[in-house]
Amino acid sequence: MFFGEVWHDYSLEKITIDYDNIVLDLELDNILKSIVLENFIAIEYIGQWDENIIKSISLVDDCEFIEKTLNKIKNNNDSYLKGAGKKDVNAQWKCVVIELIDGVRIRIVCDNIVLR
């Protein structure tokens, strides 16, 4: 569970990406919810076909995707790692894993999550 919610059968209606955040808009039985993934630094979404029904959403504090992302950032930016003053390479990064019922897995690394 993620924030005490069971996300199974929600439809992933929209993913909005801006400079700092990713917003996931979800719907189930005309109930709309949004998850805001603040200060994201990576997204992986491979294999989309025709299914947007969620099997699960989970939060992982320590995974290889976080490590891979931070290594890439450090290699690309040498010692300059402040990210316009908002991002901190030493933040407590989280990996949100969204699994769709067809087996597609979406992973997003961010430092804060807000449910609205």
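Reckoned from all heavy atoms, side chains included, excluding hydrogens, waters and symmetry mates.
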Are the side chains of [Y] and [X] in contact, using a 4.5 Å heavy-atom criterion?
X: Arg105; Y: Val97; result: yes
X: Asp111; Y: Lys87; result: no
X: Ile66; Y: Thr69; result: no
X: Asn112; Y: Asn39; result: no
X: Lys94; Y: Leu37; result: no
X: Leu24; Y: Ile108; result: yes

Counting neighbours of CG on Asn71 that are heavy atoms of other residues, nucleotides or ligands and sit closer than 6.0 Å, is the number greater than 12?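 Correct, the count exceeds 12.
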
Is atom NZ of Lys55 surrounded by more than 12 heavy atoms (other residues, nucleotides or ligands) closer than 6.0 Å?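 For Lys55, atom NZ is not crowded (no more than 12 foreign heavy atoms under 6.0 Å).
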
Tell me, with the steps shown, if Tyr10 and Ile98 meet side-chain contact (heavy atoms from CB on, under 4.5 Å). CA-CA 11 Å; Tyr10 272 83; Ile98 303 147; over 6 Å; no

Is there a path from [X] to [Y] through hydrophobic residues (I, L, V, M, F, W, Y) whose side chains come within less than 4.5 Å of each other?
X: Ile22; Y: Leu32; answer: no
X: Ile101; Y: Trp7; answer: no
X: Val60; Y: Ile43; answer: no

Which heavy atom of [X] sits nearest to which heavy atom of [Y], and what is that distance?
X: Val96; Y: Cys110; value: CG2-SG, 4.4 Å
X: Tyr19; Y: Phe40; value: O-CE2, 4.1 Å
X: Asp50; Y: Gln48; value: N-NE2, 4.2 Å
X: Asp88; Y: Trp93; value: O-CZ2, 3.2 Å

Nearest-0.5 Å distance, [atom1] of residue [X] to [atom2] of residue [Y]:
X: Ser58; Y: Arg107; atom1: OG; atom2: CZ; result: 11.0 Å
X: Lys68; Y: Cys95; atom1: NZ; atom2: SG; result: 11.5 Å
X: Leu70; Y: Asn75; atom1: CG; atom2: CG; result: 11.0 Å
X: Ser11; Y: Leu28; atom1: OG; atom2: CG; result: 9.0 Å

Show your working on side-chain contact (heavy atoms from CB on, under 4.5 Å) between Val23 and Arg116 and close with a plain yes or no. CA-CA 10 Å; Val23 179; Arg116 57 176 183 184; 3.8 Å; yes

Considering the options Asp25, Leu26, Ile53, which one meets the side chain to side chain contact (heavy atoms under 4.5 Å, CB included) requirement together with Leu12? Leu26

